[in-house]
Amino acid sequence: MLLLRRLVHDLVQKVLSELDLSYHFEVEVPPEGFGDFSTNAALVGARHAKCRPMELAEKIAEKLKNEDIFHSVEVAKPGFINFRLSKKAYVDVLRQIIVNEAYPIRKSEPLRIQFEYGSANPTGPFTVGHGRQLVIGDVLSNVFRELGYEVTREMYINDAGRQISLLAKSLWVRYNQLLGSQDLEIPEDGYRGEYLIDIAKKLLEEVGETYKNRWDSETESFFKRYAVENILNNMKEDLCTLDCEFDVYFSEKSLIEDGTVQKVLDILREKGFIYEKDGAVWLRVSQFVEDDDKVLIKNDGSYTYFLTDIAYHFNKYSRGFHKIYDIWGSDHHGHIPRMVAAMRALGIEDGFFNVILHQFVTLKRGEEIVRMSTRAGEFVTLRQLIEEVGKDAVRYFFAMIDPNTHMVFDLELAKARSMDNPVYYVQYAHARICSLFEQAKSKSITFNKNEDLDLLNDPAEFAVIRRLDMFEDALHEVEKTLSPNKLTQYLEALAYDFHSFYTKCLVLDPGNPRLSNARLNLAYATLLVLKKGLSLLRVSAPERM
RNA sequence: GCCCCUGUAGUUCAAUGGAUAGAACGGCGGAUUCCUAAUCCGCAAAUGGAGGUUCGAUUCCUCCCAGGGGCACCA
């Protein structure tokens with residue numbers, strides 16, 4: 001395997017073991033002017049070797065000087081070892097990328113992983129916040145798949161419980177208002193959004209006055225079904241627009257109907273982890289984590305969300321996943337300890353259940369903060385956002401910011417300056433390369449794959465190759481940090497290196513067809529990696545811009 | 001009050017304990033008789049505050065200040 005960084009790392013490690021040393025060190029790309037790679041091995045190792053960092057660095061460097069992948073090995077204070085790679089090392093990497101038709105990713109063990117995200121009450125349209133979560137989950141899923149994991153993308157639909165009852169009642173009120181009952185009002189905690197009026201109009205056309213001023217259990221279940229079905233369909237349209245595919249949509253209601261909830265209750269009761277108090281049924285959360293006990297069954301006999309969620313996670317475990325990641329908004333962080341407690345109560349090992357929290361999205365229109373509330377129905381929907389700035393920009397924007405960072409999305413800025421979004425920078429690099437291959441034809445320069453690579457000699461060319469070589473690293477960074485922004489950062493860096501190379505080096509020179517071909521090969525390898533990276537983001541890779 | 005997240009250039013974001021804290025937008029100044037100037041090159045500009053840990057701190061620890069989010073028999 002020829003990931004250059006790994007190659008350097010292994011060589012250093014070999015030398016260390018010859019010196020009877022063993023510890024964790026890094027091989028990195030240093031700031032400009034220090035070479036291609038550097039290692040802090042001597043700095044970290046000084047302690048272990050009981051000598052000065054500089055002395056150890058000299059000792060290690062001496063043993064590496066004759067390796068043929070290095071052009072030079074130098075020591076710099078306070079103890080870094082800097083490497084310049086030989087041309088041969090670069091050419092080998094480029095050759096491999098082209099032979100493999102993309103960067104040859106070393107696959108991980110094919111563990112079964114589930115990402116659950118975008119889960120929502122089907123009580124209204126997706127918000128901008130959902131959009132962030134959907135993109136984070138989708139990109140992580142794509143990257144994990146690329147790395148060889150067996151990934152299931154799943155959305156949980158909260159189609160049971162009090163919220164749905166309120167939704168049904170709210171829709172019923174809207175429906176009757178259309179029929180002239182102006183004295184009826186949306187329930188206190190009901191849903192006031194305009195979208196219910198639209199659904200009510202459609203409903204009115206279909207059923208006429210059947211349910212006018214009539215509220216009974218049959219009416220309620222009809223309105224529940226009708227409301228959920230319609231809202232769910234709208235949500236799925238948004239998912240389609242955003243290019244988010246799911247493998248499974250999981251219904252909360254089904255957990256009650258198929259007895260999973262009852263089964264979980266039985267298990268917990270049998271183990272003695274639940275008790276009754278004040279007419280409610282409680283889980284002994286405090287026995288497992290630092291948190292108060294929580295209610296599973298309310299004193300009116302209905303289930304809490306917590307209970308069905310435990311059942312859901314029990315179901316996930318039963319399906320044989322090795323690891324699951326729930327992606328939640330930060331407002332749910334208080335929910336984590338009690339879920340951990342529930343997992344332990346069920347005897348599920350720690351490490352199975354993981355949560356990725358993301359911070360909120362603040363919307364701004366110019367100077368004005370846009371307040372959002374689903375209940376009050378005052379918010380910018382995901383759909384509106386996509387219509388304003390476009391799917392590619394929405395996806396890229398959400399992916400490029402660390403989930404843990406509060407982000408401010410200025411609608412006017414995104415709209416007015418959409419061309420300055422980094423997504424276009426990366427896409428432009430892709431389009432430029434496509435254009436090169438078009439131009440090559442008209443200039444009668446033939447592209448011979450994997451030939452003339454030895455003619456590459458410019459630092460700008462090597463910079464591109466070095467970056468191409470780091471693609472796999474970038475994917476592993478995404479995996480390790482669970483942040484899609486490691487991928488967007490990588491692509492921007494690659495695009496930057498390519499644009500610089502393009503400006504400095506004339507690719508298509510009819511007077512020098514062999515050098516042209518070498519550079520076309522470099523462009524081709526870049527194209528492959530850009531295309532792969534953009535596809536993981538589900539952002540389009542246009543051939544012309 | 002307690003818990004979680006975040007304070008970095010004018011703005012929006014980066015930076016597994018490393019060297020000169022990076023981009024982008026905005027500002028200023030340059031580059032196209034040749035492949036897309038949606039690009040490139042240069043200049044000005046930042047770690048909220050105080051301690052501590054060590055060869056070295058934006059990063060880890062403590063305290064303070066500021067912002068966001070939690071602390072339900074809601075989800």
Side-chain angles (χ1 to χ4, degrees), chain A residues 24 26 28 30-34 38 40 43-44 46-47 52-54 76-80 82 119-121 123 158 161-163 166 189 252 277-282 290-292 294-306 308-309 329-337 357-360 362 364 374 397 400-410 413 417 419-422 424-425 427-429 431-440 442-443 445 477 480-481 485-486 488-489 492-493 495-496 498-510 516 519-520 523 544-545:
Chain A
H24 182 76
E26 300 295 340
E28 292 202 314
E32 276 299 314
F34 291 104
S38 78
N40 63 355
L43 287 163
V44 180
R47 210 170 317 185
R52 291 172 182 283
M54 288 298 281
K77 63 180 179 359
F80 288 100
N82 297 324
S119 298
N121 293 321
T123 52
N158 299 108
R162 198 173 89 91
Q163 302 308 318
L166 279 167
D189 299 328
E252 178 184 10
K277 193 181 85 179
D278 303 332
V281 175
W282 300 68
E290 291 246 352
D291 199 357
D292 300 331
K294 302 290 174 200
V295 169
L296 297 177
I297 303 176
K298 302 179 222 171
N299 61 15
D300 67 359
S302 63
Y303 298 151
T304 60
Y305 169 81
F306 181 39
T308 49
D309 214 21
S330 63
D331 55 332
H332 284 63
H333 97 267
H335 196 63
I336 297 174
L357 285 182
H358 66 89
Q359 301 298 318
F360 277 28
T362 304
K364 243 174 56 174
T374 310
F397 204 97
M400 71 186 278
I401 288 169
D402 186 303
N404 219 13
T405 300
H406 299 276
M407 69 177 281
V408 177
F409 202 126
D410 188 327
L413 202 69
R417 307 209 173 119
M419 284 312 198
D420 295 324
N421 191 307
Y424 298 103
Y425 184 79
Q427 287 179 322
Y428 183 54
R432 250 188 172 171
I433 296 171
C434 292
S435 168
L436 278 176
F437 282 93
E438 281 301 310
Q439 289 287 324
S442 58
K443 294 193 178 185
I445 294 173
E477 278 292 303
K480 196 170 84 183
T481 61
N485 70 329
K486 304 295 184 205
T488 58
Q489 274 171 24
E492 284 164 42
Y496 169 78
F498 182 80
H499 286 313
S500 294
F501 152 72
Y502 180 93
T503 304
K504 189 171 174 203
C505 303
L506 181 66
V507 178
L508 303 174
D509 179 1
S516 297
R519 289 177 170 167
L520 274 177
R544 278 204 189 80
M545 287 175 74

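Predicted, not measured: the structure shown is a model, and the values here were computed from it. Numbers restart at 1 for each chain; the letters A, B, ... are given by sequence-line order, proteins then strands.
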Asker: Can you tell me how far P of B:C73 sits from CD of A:Gln163, to the nearest Å?
Answerer: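 Checked: the CD to P distance equals 15 Å.
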Asker: Within this structure, what is the CD-to-C1' distance between A:Gln489 and B:A23, rounded to whole angstrom?
Answerer: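 Roughly 9 Å, once rounded to whole Å.
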Asker: Provide the Watson-Crick or G-U wobble partner of B:G26, both distances under 3.5 Å; none if there is no partner.
Answerer: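 Here B:G26 is not engaged in any pair, so there is no nucleotide opposite it.
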Asker: Look at all strands and tell whether A:Cys505 reaches a base, only sugar-phosphate, or nothing, counting heavy atoms closer than 4.0 Å.
Answerer: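 Touches a base.
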Asker: Are A:Tyr502 and B:U32 close enough that a side-chain N or O sits under 4.0 Å from OP1 or OP2?
Answerer: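 Answer is no, no contact under 4.0 Å.
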Asker: So which nucleotide from B:A19, B:U39, B:A75 ends up closest to the side chain of A:Asn82?
Answerer: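 My answer, after comparing the listed nucleotides, is B:A19.
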Asker: Looking only at atom types and distance, does a side-chain atom of A:Ser500 sit under 3.5 Å from a main-chain N or O of A:Tyr496, one as donor and one as acceptor?
Answerer: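 A pair under 3.5 Å: yes.
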Asker: Going by modelled atom types, is there a donor-acceptor pair between the base of B:A19 and the side chain of A:Asn40 at under 3.5 Å?
Answerer: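 Answer no: no donor N or O sits under 3.5 Å from an acceptor.
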Asker: B:C13 and B:G17: how far apart are their P atoms, nearest whole angstrom?
Answerer: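 Approximately 22 Å lies between the P atom of B:C13 and that of B:G17.
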Asker: A:Ala493 near the nucleic acid: base, sugar-phosphate alone, or nothing, with a heavy-atom cut-off under 4.0 Å?
Answerer: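 A:Ala493: no heavy atom of the nucleic acid under 4.0 Å.
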Asker: Report yes or no: is there a donor-acceptor pair, N or O only, under 3.5 Å between the side chain of A:His406 and the base of B:G67?
Answerer: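 For A:His406, whose side chain was compared with the base of B:G67, there is a donor-acceptor pair (under 3.5 Å).
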Asker: Side-chain N or O of A:Arg162 less than 4.0 angstrom from OP1 or OP2 on B:C73?
Answerer: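 Checking A:Arg162 against B:C73: no side-chain N or O falls below 4.0 Å of OP1 or OP2.
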Asker: Could you measure between the two C1' atoms, the one in B:U54 and the one in B:A46, and give it in whole Å?
Answerer: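 One C1' to the other, the span is 26 Å.
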Asker: Tell me the interatomic distance from A:Phe360, atom CZ, to B:C5, atom C1', rounded to whole angstroms.
Answerer: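 The distance from CZ of A:Phe360 to C1' of B:C5 comes to 11 Å, rounded to the nearest Å.
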Asker: What's the closest nucleotide to the side chain of A:Gln359 if the choices are B:A19, B:C34, B:G68?
Answerer: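 The answer is B:G68, which lies nearest to the side chain.
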Asker: NA contact type, A:Val408, heavy-atom cut-off 4.0 Å: base, sugar-phosphate, or nothing?
Answerer: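 Sugar-phosphate, backbone atoms only, no base.
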Asker: Donor-acceptor pair, distance only, cut-off 3.5 Å: does the side chain of A:Asp278 make one with the backbone of A:Ala280?
Answerer: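 The answer is no, because no donor-acceptor pair under 3.5 Å joins these two groups.
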Asker: Both distances below 3.5 Å, Watson-Crick or wobble geometry, any strand: find the nucleotide opposite B:A9.
Answerer: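 Across all strands, not a single nucleotide pairs with B:A9.
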Asker: Heavy atoms only, 4.0 Å cut-off, all strands: where does A:Ser500 land among base, sugar-phosphate and nothing?
Answerer: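 A:Ser500: backbone/sugar contact only, no base atoms under 4.0 Å.
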Asker: Can a side-chain donor-acceptor contact be found between A:Gln163 and A:Thr123 if the only test is distance below 3.5 angstrom?
Answerer: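 A:Gln163 and A:Thr123 do not have a side-chain donor-acceptor pair below 3.5 Å.
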Asker: Please determine if A:Arg432 forms a cation-pi arrangement with A:Tyr502, meaning its NZ or CZ atom is less than 6.0 Å from the six-membered ring centre and no more than 45° off the ring axis.
Answerer: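 Flagged: A:Arg432 positioned over aromatic ring of A:Tyr502.
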Asker: Going through the distances and angles, do A:Cys505 and A:Arg519 end up as a side chain to side chain contact (heavy atoms under 4.5 Å, CB included)?
Answerer: CA-CA 9 Å; A:Cys505 303; A:Arg519 289 177 170 167; 3.5 Å; yes
Asker: Can you figure out which of B:C73, B:C40, B:U6 approaches the side chain of A:His499 most closely?
Answerer: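 The answer is B:C40.
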Asker: Does the structure show a Watson-Crick or G-U wobble partner for B:C60, both distances under 3.5 Å? Name it, or say none.
Answerer: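 Pairing partner, where one exists within any strand: B:G52.
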Asker: Ignoring the backbone of A:Phe34, work out which of B:C35, B:A19, B:C5 is nearest its side chain.
Answerer: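 The answer is B:A19.
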Asker: Heavy atoms only, 4.0 Å cut-off, all strands: where does A:Ile336 land among base, sugar-phosphate and nothing?
Answerer: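 No contact at all - A:Ile336 keeps every heavy atom at 4.0 Å or more from the nucleic acid.
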Asker: Roughly how far apart, to the nearest Å, are B:A45 and B:A38 at atom P?
Answerer: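 Roughly 30 Å separates the two P atoms.
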Asker: Starting at the 5' end of RNA chain B, which residue's closest nucleotide do you reach first, A:Pro403 or A:Glu492?
Answerer: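 The residue mapped nearer the 5' terminus is A:Pro403.
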Asker: Looking at A:Thr405, does any N or O in its side chain come under 4.0 Å of the phosphate oxygens OP1/OP2 on B:A14?
Answerer: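 Yes, such a contact exists.
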Asker: Expressed in angstrom and rounded to an integer, what is the separation of A:Leu296 atom CG from B:A72 atom P?
Answerer: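 Atom CG in A:Leu296 sits about 16 Å away from atom P in B:A72.
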Asker: Taking for each residue the nucleotide of RNA chain B with the nearest heavy atom, is it A:Ile297 or A:Leu357 whose nucleotide lies nearer the 5' end?
Answerer: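 Its nearest nucleotide being more 5', the pick is A:Leu357.
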Asker: When you compare B:U39 with B:C25, how far apart are their P atoms, in angstrom units rounded to a whole number?
Answerer: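 Going atom to atom, P in each nucleotide, I get 7 Å.
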Asker: Pairing check on B:A37: which nucleotide meets the Watson-Crick or G-U wobble criteria with it, both distances under 3.5 Å?
Answerer: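 The base-pairing partner of B:A37, which may sit in any strand shown, does not exist here.
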Asker: Under 6.0 Å between the ring centres of A:Phe34 and A:Phe80?
Answerer: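 A:Phe34 vs A:Phe80: aromatic centres not under 6.0 Å.
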Asker: Quick one: the side chain of A:Asn299 and the base of B:C73, do they pair up donor-acceptor inside 3.5 Å?
Answerer: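 Looking at the base of B:C73, it does pair with a donor or acceptor on the side chain of A:Asn299 (distance under 3.5 Å).
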Asker: With a non-hydrogen cut-off below 4.0 angstrom, is A:Asp278 in contact with a base, only sugar-phosphate, or nothing?
Answerer: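 Counting heavy atoms under 4.0 Å across all strands, the contact made by A:Asp278 includes a base.
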Asker: At under 4.0 Å between heavy atoms, what does A:Ile401 touch on the DNA or RNA strands: base, sugar-phosphate, or nothing?
Answerer: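 Touches sugar-phosphate only.
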Asker: Please give the distance between the C1' atoms of B:G30 and B:U20 as a whole number of Å.
Answerer: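 Per the computed distance, 24 Å lies between those C1' atoms.
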Asker: What's the NE2-C1' distance between A:His358 and B:G69, to the nearest Å?
Answerer: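 It is 12 Å, rounded to the nearest whole Å.
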Asker: Could you identify the nucleotide paired to B:C71, looking across every strand shown and requiring Watson-Crick or G-U wobble geometry with both distances under 3.5 Å?
Answerer: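 Its partner is B:G1.
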Asker: Looking at A:Ser38 and B:A19, is any side-chain donor or acceptor paired with a base atom of the opposite kind under 3.5 Å?
Answerer: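 Looking at the base of B:A19, it does pair with a donor or acceptor on the side chain of A:Ser38 (distance under 3.5 Å).
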Asker: For B:A21 and B:U58, measure between their P atoms and round to the nearest Å.
Answerer: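 Each nucleotide's P atom is 10 Å from the other's.
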Asker: So A:Thr405 and A:Gln359, do their side chains get closer than 4.5 Å, heavy atoms only?
Answerer: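 Sidechains of A:Thr405 and A:Gln359: no contact.
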Asker: Would you call the rings of A:His335 and A:Phe306 parallel, tilted or perpendicular, taking 30° and 60° as the class edges?
Answerer: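 A:His335 and A:Phe306: perpendicular rings.
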Asker: What is the distance, to the nearest angstrom, from the CZ atom on A:Phe498 to the P atom on B:C35?
Answerer: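 Distance, rounded to whole Å: 14 Å.
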Asker: At under 4.0 Å between heavy atoms, what does A:Lys443 touch on the DNA or RNA strands: base, sugar-phosphate, or nothing?
Answerer: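 Result for A:Lys443 = sugar-phosphate.
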Asker: Within this structure, what is the CG-to-C1' distance between A:Asp331 and B:A75, rounded to whole angstrom?
Answerer: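 In whole Å, B:A75 C1' and A:Asp331 CG are 9 Å from each other.
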Asker: Given atom NZ of A:Lys486 and atom P of B:A14, what is their separation to the nearest angstrom?
Answerer: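 That distance rounds to 8 Å.
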Asker: Determine the minimum heavy-atom distance between A:Ser38 and A:Asn82, stating which atoms define it.
Answerer: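 Shortest heavy-atom contact: CB-OD1, 3.0 Å.
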Asker: Determine the interatomic distance between C1' on B:C60 and the same-named atom on B:A15; round to the nearest Å.
Answerer: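 The answer is 16 Å between these two C1' atoms.
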Asker: Please determine, for the side chain of A:Asn158, which listed nucleotide (B:C35, B:C73, B:A75) has the closest atom?
Answerer: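 Output: B:A75.
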Asker: Taking 4.0 Å as the cut-off, does a side-chain nitrogen or oxygen of A:Lys298 come that near to OP1 or OP2 on B:A72?
Answerer: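 False: A:Lys298 side-chain N/O out of range (4.0 Å or more) of B:A72 OP1/OP2.
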Asker: Would you classify A:Glu28 as touching base, sugar-phosphate or nothing, given that sugar-phosphate means primed atoms plus P, OP1 and OP2, and contacts are heavy atoms under 4.0 Å?
Answerer: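 A:Glu28: base contact, heavy atoms under 4.0 Å.
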Asker: Between the base of B:A23 and the ring of A:Tyr496 - centre-to-centre under 5.5 Å, planes within under 30° - is that a stack?
Answerer: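 The base of B:A23 is not stacked with A:Tyr496 (the test needs centres under 5.5 Å and planes under 30°).
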Asker: Of the listed nucleotides (B:A14, B:C74, B:G18), which one gets closest to any side-chain atom of A:Phe80?
Answerer: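 It is B:G18.
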Asker: Within the distance-only criterion (no hydrogens, no angle test), does the side chain of A:Ser516 pair as donor or acceptor with the backbone N or O of A:Val507 below 3.5 angstrom?
Answerer: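 Yes, because the side chain of A:Ser516 sits within donor-acceptor range (under 3.5 Å) of the backbone of A:Val507.
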Asker: In whole Å, what separates the P atom of B:C35 from that of B:A44?
Answerer: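 One P to the other, the span is 32 Å.
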